[in-house]
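Note: hydrogens, waters and symmetry copies are ignored here, and every other heavy atom, side chains too, is used.
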Number of protein chains: 2
Amino acid sequence: MTILRSPAGIPDATVARLPLYLRALDELAERGTDVCSSEHLATAAGVNSAIVRKDLSHLGSYGTRGVGYDVRFLAGHIATVVGQTQPWPVVIVGAGHLGSALAAYQGFGARGVKVAAVVDADPDLVGTVVGGHEVRSIDTLSDVIEHGEVSLAIIATPPAAAQSVADALVAAGITSILNFAPTALQVPDAVDLRQVDVAAELQILGYHAHRRQAEPAEEAVLS
Amino acid sequence: MTILRSPAGIPDATVARLPLYLRALDELAERGTDVCSSEHLATAAGVNSAIVRKDLSHLGSYGTRGVGYDVRFLAGHIATVVGQTQPWPVVIVGAGHLGSALAAYQGFGARGVKVAAVVDADPDLVGTVVGGHEVRSIDTLSDVIEHGEVSLAIIATPPAAAQSVADALVAAGITSILNFAPTALQVPDAVDLRQVDVAAELQILGYHAHRRQAEPAEEAVLS
DNA sequence: AAGAGTTTGGGAACCCTTTCACAAAATCGA
DNA sequence: TCGATTTTGTGAAAGGGTTCCCAAACTCTT
């Protein structure tokens, strides 16, 4: 049996926060801030300062004690670490409501993501334009991928179609998939799969809301 | 300073998986499966069986050794635990591409979520219909909330507007927010905030893809 | 030059989550 | 009825991640 190592380097939890730091740093840079403390960055990123320092220490020591971090330098360094020196080209599979919304999203550019293609199985949608991208037939998927146009894929199809789309993506050599369809996809270990499930997020919120209602607002601890 | 307890009961990691089990169980029930093992459910939910058993043990002992779990019964029980006996009404703030896509999403009903209202600040959008919901003015937000129409809120606005929307939601008494805007919102401790950041998800995938490229496919461990 | 004030980096403790492993409880076949 | 087989439920171990805390390193003021 094969075990997929996650060899050297950066803990998963840290990797998941690097994009937040990057976003926060870009914002700070735009506002003209040259240097920021871990406390400052923590607030901007929505986490606490201890975790910022620990996370950044995994990337090496780029801060100055008594001063803080150089905003532009740190942003550049994180961008390098996450491989964002060039925009990542992504293919969006599914040009329904969600796929169209993603295709039209203007915020990708600043975050190192470029929509390279939008494909759909519905002949009526093929040829239409969403967010400046002409929808191609799903039959062109392997061409698009194998010609090196894309390295990341987003699945925005109905759940029933998601598994066969995933199979096609994997067959064409894609190893990174972001799945919006609410279904558990089966992919090889070597493929990196992330899931976004909006209904599940709401249900999690619902659980806590439900408990708050049930319980008579228990006492807060500590003076 | 106030500390928000997460008092008795179910670990956060388990709560986050309950919606997946619920979805998987509903699928199994539709296919006519009456009983399933932890192994079976694990495959359907995309996790491993040890975790399924541990998670379900937090809800009480509802399985039968040597047999498995009653699909319908377990689904009903989980639905009760997550407070999904009645659909949760949600308000969507922002009727742009993403807000419209969410408003039009047909899958919420089956997952215990009901879109109660869609609001936007743009006068040109107010009065239009998205996914069967007439867009109301954002000025009606407090009315909608205070009249008990909704208990969950989705922010689907541009990042610049997100904080003021969050403030308005909190002022109106909302305590559960799902934020799609790529910005760190500042809310009171008592408010439950979850974040969906599509670009960040892609950047995380990018990091791993980047590493795969860089490293010459290191050896697998174990024979 | 020296002392006061800031802020990083990282060791150590703590906490949460996952995985392991197996006794207990059920079914089934003979 | 009994032994073989299946599968749950759960202690215990292992593994990560977060938080705490403080020495070290820097700036600033006097």
Hey, can you tell me if B:F108 and B:Y105 have their rings parallel, tilted or perpendicular (30° and 60° cut-offs)? perpendicular
Closest to the 5' end of DNA chain D, once B:T64 and A:R17 are matched to their nearest nucleotides, is B:T64
Would you mind reading off the distance between B:K54 atom NZ and D:dA14 atom P, rounded to a whole angstrom? 15 Å
pair B:L56-B:L41: side-chain heavy atoms closer than 4.5 Å: yes
Taking only N and O in the side chain of B:S38, is any of them less than 4.0 Å away from OP1 or OP2 of D:dT8? yes
At 4.0 Å (heavy atoms only), tell me whether A:S49 reaches a base, stays on the sugar-phosphate, or touches nothing. nothing
Rounded to whole angstroms, how far apart are OH on A:Y69 and C1' on D:dC26? 13 Å
Are B:D192 and B:S176 linked by a side-chain donor-acceptor pair shorter than 3.5 Å? no
Under 3.5 Å: donor-acceptor pair, side chain of A:W88, backbone of A:G83: yes
What integer distance in Å separates A:I51:CD1 from D:dC21:C1'? 16 Å
For chain A and DNA chain C, what are the first and last nucleotides along the strand, 5' to 3', with at least one atom under 4.0 angstrom from a heavy atom of the protein chain? C:dT6 to C:dA12
Given atom CG of A:D55 and atom P of D:dT18, what is their separation to the nearest angstrom? 7 Å
Tell me: CG of A:D70 to P of D:dC26, nearest whole Å? 16 Å
Verify the ring-centre separation between B:Y69 and B:Y62: is it less than 6.0 angstrom? no
For A:R53 and D:dA25, what is the distance between atoms CZ and C1' respectively, to the nearest whole Å? 14 Å
CG (B:L59) and OH (B:Y21) are apart, to the nearest 0.5 Å, by 9.5 Å
Could you give the NE2-to-C1' distance, from B:H40 to D:dT6, as a whole number of Å? 16 Å
Taking the side chain from B:Q163 and the backbone from B:Q186, do they hold a donor-acceptor pair closer than 3.5 Å? yes
Nearest-angstrom distance from the residue atom CD of B:E39 to P of D:dT8: 8 Å
Nearest heavy atom decides the nucleotide; on that basis, is A:V67 or B:S37 closer to the 5' end of DNA chain D? B:S37
